[in-house]
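Each remark here refers to the structure printed beneath this line.
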Amino acid sequence: MVLPRRRGGHNHHPCPRRAVLPAAALLLLFLLAAVTLLYVSPPPLSDHPALAYSRRRSPHALKGGWSATDGLWGSKLASKFYGCSNSSSKFLDSGVMTHPDRYLMIVTSGGLNQQRTGIIDAVVAARILNATLVVPKLDQTSFWKDASDFAEIFNADWFISFLSKDVRIVKELPKIGGKLWAPHRMRVPRKCTQRCYLNRVLPALVKKHVVRLTKFDYRLANRLDSDLQKLRCRVNYHALRFTDPIQEMGEKIIQRMRERSTYFIALHLRFEPDMLAFSGCYYGGGEKEKRELGVIRKRWKTLHASNPEKERRHGRCPLTPEEVGLMLRALGYRKNVHIYVASGDIYGGAKTLAPLKALFPNLHTKETVTSKDELAPFSKYSSRMAALDFIVCDGSDAFVTNNNGNMAKILAGRRRYLGHKRTIRPNARKLYSLFLSRGNMSWDAFSSKVHMAQKGFMGEPKELRPGRGEFHENPTTCICENTDPKTPTKPNPRSEQGLINGTEGRKAITEPTVANHTNEELVGSSAEEDDASVEKEDDTSAEKEDDTSEEKEEIADPEAEDDALVRPDDPELEEVLSD
């Protein structure tokens, strides 16, 4: 029996007419296949042993976390935010507020960037006290051994003129009746609030007329009212300019980096022996490292015995140069990227940097892109050399750090204020477990997990909650959002040619009556309590972190990482860690 042929002829010469497809359809199919292959099979990364066995993951395939589609060199959301530090109409002109017989002198402490925070807070303290500020005296006797004065690092004339409507500033204490007033020396507690200054300093200032605050570092509360926070921003981002020779040399280095590459990374690498010894961490150097760093550590009696494994697990160890390189490659930066390294004396020298150089061969420093003659005016002064690094890091397309020191914090805040330029700070606590297990996963998996770990640590707008971290790091009060998409984002309306507070002719606010407390323990404030609770909360979160799932969505809190290296009581040790 012959079965009837089914319609469609599957048993006999299958569909010869379908083979005759339009040429356009064939071309379309070919293009679709090519595009699919392009995304599914990118070229392998074979330029480093850690990457040789694997393929680079497509940035579009990442799930959760920050992805390369957000931009290696900038945030796609940056255009919606701008720096705004103008004072309100309630902030009266210094000519109205300043008392003629009150002078505040301060002596900073630590390295360049710690001193910078002291200068900023000194201006605000003078405003709180309605006093004239004498140009701050820089620390010339610390670990950093730099004899430079204020005017040799910063443009003193610009500093005075720019802030003239906010605070009256003079270069030297004037003579009264042909004689200099003898300043009354005192020290305020750390995180001293506005009320604290009025209770502790003002009575002495009214009586003695000149007060000199010593070791002025972190001596002002993190949380102040809006106008005082904006004053901090005006000082930090506008009034503090480096001298012309320093600024010009820094810009010359930036120009030479751009001649080498359109975009470049600046890496602030803290990996000096003293820093590593203090951390109490182990960096893979065997018994030699343990012996050498152990000897250095014994110099400070305030340090307790360390548990290297615990320190690293809680994110208290600076990333090694190799770990920084692996993090950057995992985030999507390619081998041909040029990196400017801002650092002191690296422990282990070239050998320590070798793994980073294998990942990124194009490493540069200020010494390699300039001549000895060009650096001669700066090379004998640690603060001036640090200033050059500051300028280059500020001008880079992406700023990366392996630590959470003062320079990292100040630049993170500055880059937020000036347009949310890409700023990468390692989430050391989460990266630690990834580096440990890197050999047990593919490069694709490692890269994906690094992206997730770094969410909230990439310098994106609003990645930090308002009030979290130090204000220099997260100047939320001074960052405004453009909520109208049709209106282009405007720059800070307060130009560098001078700021108008609109307060001319106003009467001074009556100064509050202040009790002269003799028992300093009576002085307190909600802001001080808030800061203390934040620190306690961060310590608790560090202990709980190990029990949380990697995939669990969380709000980023770099402050927990920042305060991991608790500031000690040893003055010399503080200076080592200050920048």
Side-chain angles (χ1 to χ4, degrees), residues 42-52 54-57 59 68 71-74 249-272 318-372 374-375 385-386 388-403 407-408 411 415 421-426 431 435 443 446-447 450-451 454 458-459:
L45 292 174
S46 57
D47 48 18
H48 186 271
L51 316 180
S54 176
R55 296 174 183 266
R56 183 184 179 190
R57 186 179 181 87
L72 295 175
W73 305 109
M249 189 70 247
E251 290 173 359
K252 186 178 293 185
I253 295 174
I254 294 174
Q255 179 185 350
R256 290 177 184 176
M257 287 300 298
R258 297 221 179 277
E259 289 171 356
R260 290 164 168 79
S261 178
T262 304
Y263 300 102
F264 75 93
I265 293 172
L267 167 61
H268 182 224
L269 190 62
R270 288 297 307 269
F271 215 71
E272 304 93 336
L319 265 60
T320 67
E322 181 178 22
E323 289 170 343
V324 172
L326 288 171
M327 176 187 71
L328 292 176
R329 291 302 297 269
L331 290 173
Y333 292 95
R334 304 306 299 269
K335 179 179 180 179
N336 61 351
V337 167
H338 287 249
I339 298 181
Y340 176 88
V341 181
S343 69
D345 294 328
I346 302 294
Y347 176 70
K351 183 179 179 181
T352 300
L353 284 175
L356 175 61
K357 195 170 181 65
L359 288 161
F360 293 97
N362 299 311
L363 295 184
H364 311 276
T365 64
K366 53 184 171 293
E367 289 82 8
T368 64
V369 297
T370 61
S371 67
K372 287 186 178 180
E374 287 176 315
L375 280 184
M385 293 289 273
L388 295 179
D389 281 338
F390 186 98
I391 293 168
V392 180
C393 289
D394 184 36
S396 65
D397 300 289
F399 172 62
V400 183
T401 178
N402 76 324
N403 67 93
M407 182 168 169
L411 278 169
R415 292 171 72 88
K421 296 187 286 185
R422 178 62 66 218
T423 303
I424 303 173
R425 300 173 66 191
L431 290 176
F435 291 136
W443 178 256
F446 176 72
S447 177
V450 168
H451 276 82
Q454 282 300 117
M458 299 295 294

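Because only heavy atoms are used, hydrogens play no part in the values below, and waters and symmetry mates are left out as well, while side chains stay in.
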Quick one, [X] and [Y] - any side-chain contact, counting heavy atoms below 4.5 Å?
{"X": "Ile339", "Y": "Val400", "value": "no"}
{"X": "Met407", "Y": "Cys393", "value": "yes"}
{"X": "Leu356", "Y": "Leu267", "value": "yes"}
{"X": "Val341", "Y": "Phe360", "value": "no"}
{"X": "Tyr340", "Y": "Ser396", "value": "no"}

Could you list the donor-acceptor pairs under 3.5 angstrom formed between side-chain atoms of residues 345-354 and any protein atom two or more places apart in sequence or on another chain?
residue, atom, partner, partner atom, Å
Tyr347, OH, Glu292, OE1, 2.5
Thr352, OG1, Tyr347, O, 2.5

Compare every heavy atom of [Y] with every heavy atom of [X], then report the nearest pair and how far apart it is.
{"X": "Thr401", "Y": "Ala408", "answer": "OG1-CB, 3.8 Å"}
{"X": "Leu319", "Y": "Pro426", "answer": "CD2-CB, 3.7 Å"}
{"X": "Met257", "Y": "Val369", "answer": "SD-CG1, 4.2 Å"}
{"X": "Leu411", "Y": "Phe399", "answer": "CD1-CZ, 3.6 Å"}

Okay, side chain of [X], backbone of [Y]: is any donor-acceptor separation there less than 3.5 Å?
{"X": "Arg415", "Y": "Arg422", "value": "yes"}
{"X": "Thr423", "Y": "Lys421", "value": "yes"}
{"X": "Arg270", "Y": "Asn403", "value": "no"}

TODO: Apply the test side-chain contact (heavy atoms from CB on, under 4.5 Å) to residues Ile424 and Leu328: give CA-CA distance (whole Å), side-chain angles for both, the deciding distance (0.1 Å), then the verdict.
DONE: CA-CA 9 Å; Ile424 303 173; Leu328 292 176; 4.2 Å; yes
Which value, rounded to the nearest 0.5 Å, describes the distance between [X] atom [atom1] and [Y] atom [atom2]?
{"X": "Thr320", "Y": "Phe271", "atom1": "OG1", "atom2": "CZ", "value": "5.5 Å"}
{"X": "Asn402", "Y": "His268", "atom1": "CG", "atom2": "NE2", "value": "8.0 Å"}
{"X": "Gln454", "Y": "Arg425", "atom1": "CD", "atom2": "CZ", "value": "10.5 Å"}
{"X": "Ser343", "Y": "Glu272", "atom1": "OG", "atom2": "CD", "value": "7.0 Å"}
{"X": "Met327", "Y": "Glu323", "atom1": "CE", "atom2": "CD", "value": "10.0 Å"}

TODO: With sequence neighbours left out, write down each residue that passes salt bridge (Lys or Arg N to Asp or Glu O under 4.0 Å) with Arg258, or none if nothing qualifies.
DONE: Asp397
Open item on the list: Can you pull out every salt bridge (Lys or Arg N to Asp or Glu O under 4.0 Å) where at least one residue sits in residues 356-372? Sequence neighbours excluded, please.
Closed with: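 Salt bridge (Lys or Arg N to Asp or Glu O under 4.0 Å) check on residues 356-372 returns Lys366-Asp389.
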TODO: Apply side-chain contact (heavy atoms from CB on, under 4.5 Å) to the pair Thr370 and Lys252, showing each step before the final yes or no.
DONE: CA-CA 9 Å; Thr370 61; Lys252 186 178 293 185; 5.9 Å; no
- [ ] Please step through side-chain contact (heavy atoms from CB on, under 4.5 Å) for the pair Asn362 and Val337, ending with a clear verdict.
- [x] CA-CA 7 Å; Asn362 299 311; Val337 167; over 6 Å; no
Applying side chain to side chain contact (heavy atoms under 4.5 Å, CB included), name anything that partners [X], two or more places apart in sequence or on another chain.
{"X": "Ser371", "value": "Asp373, Glu374"}
{"X": "Ser261", "value": "His338"}
{"X": "Gln255", "value": "Glu259"}

Task: Verdict with supporting geometry, Phe264 and Val392, side-chain contact (heavy atoms from CB on, under 4.5 Å) - done: CA-CA 10 Å; Phe264 75 93; Val392 180; 4.0 Å; yes
- [ ] Classify the ring geometry between Phe446 and Phe435 as parallel (under 30°), tilted (30 to 60°) or perpendicular (over 60°).
- [x]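 Plane angle between 30° and 60°, so tilted.
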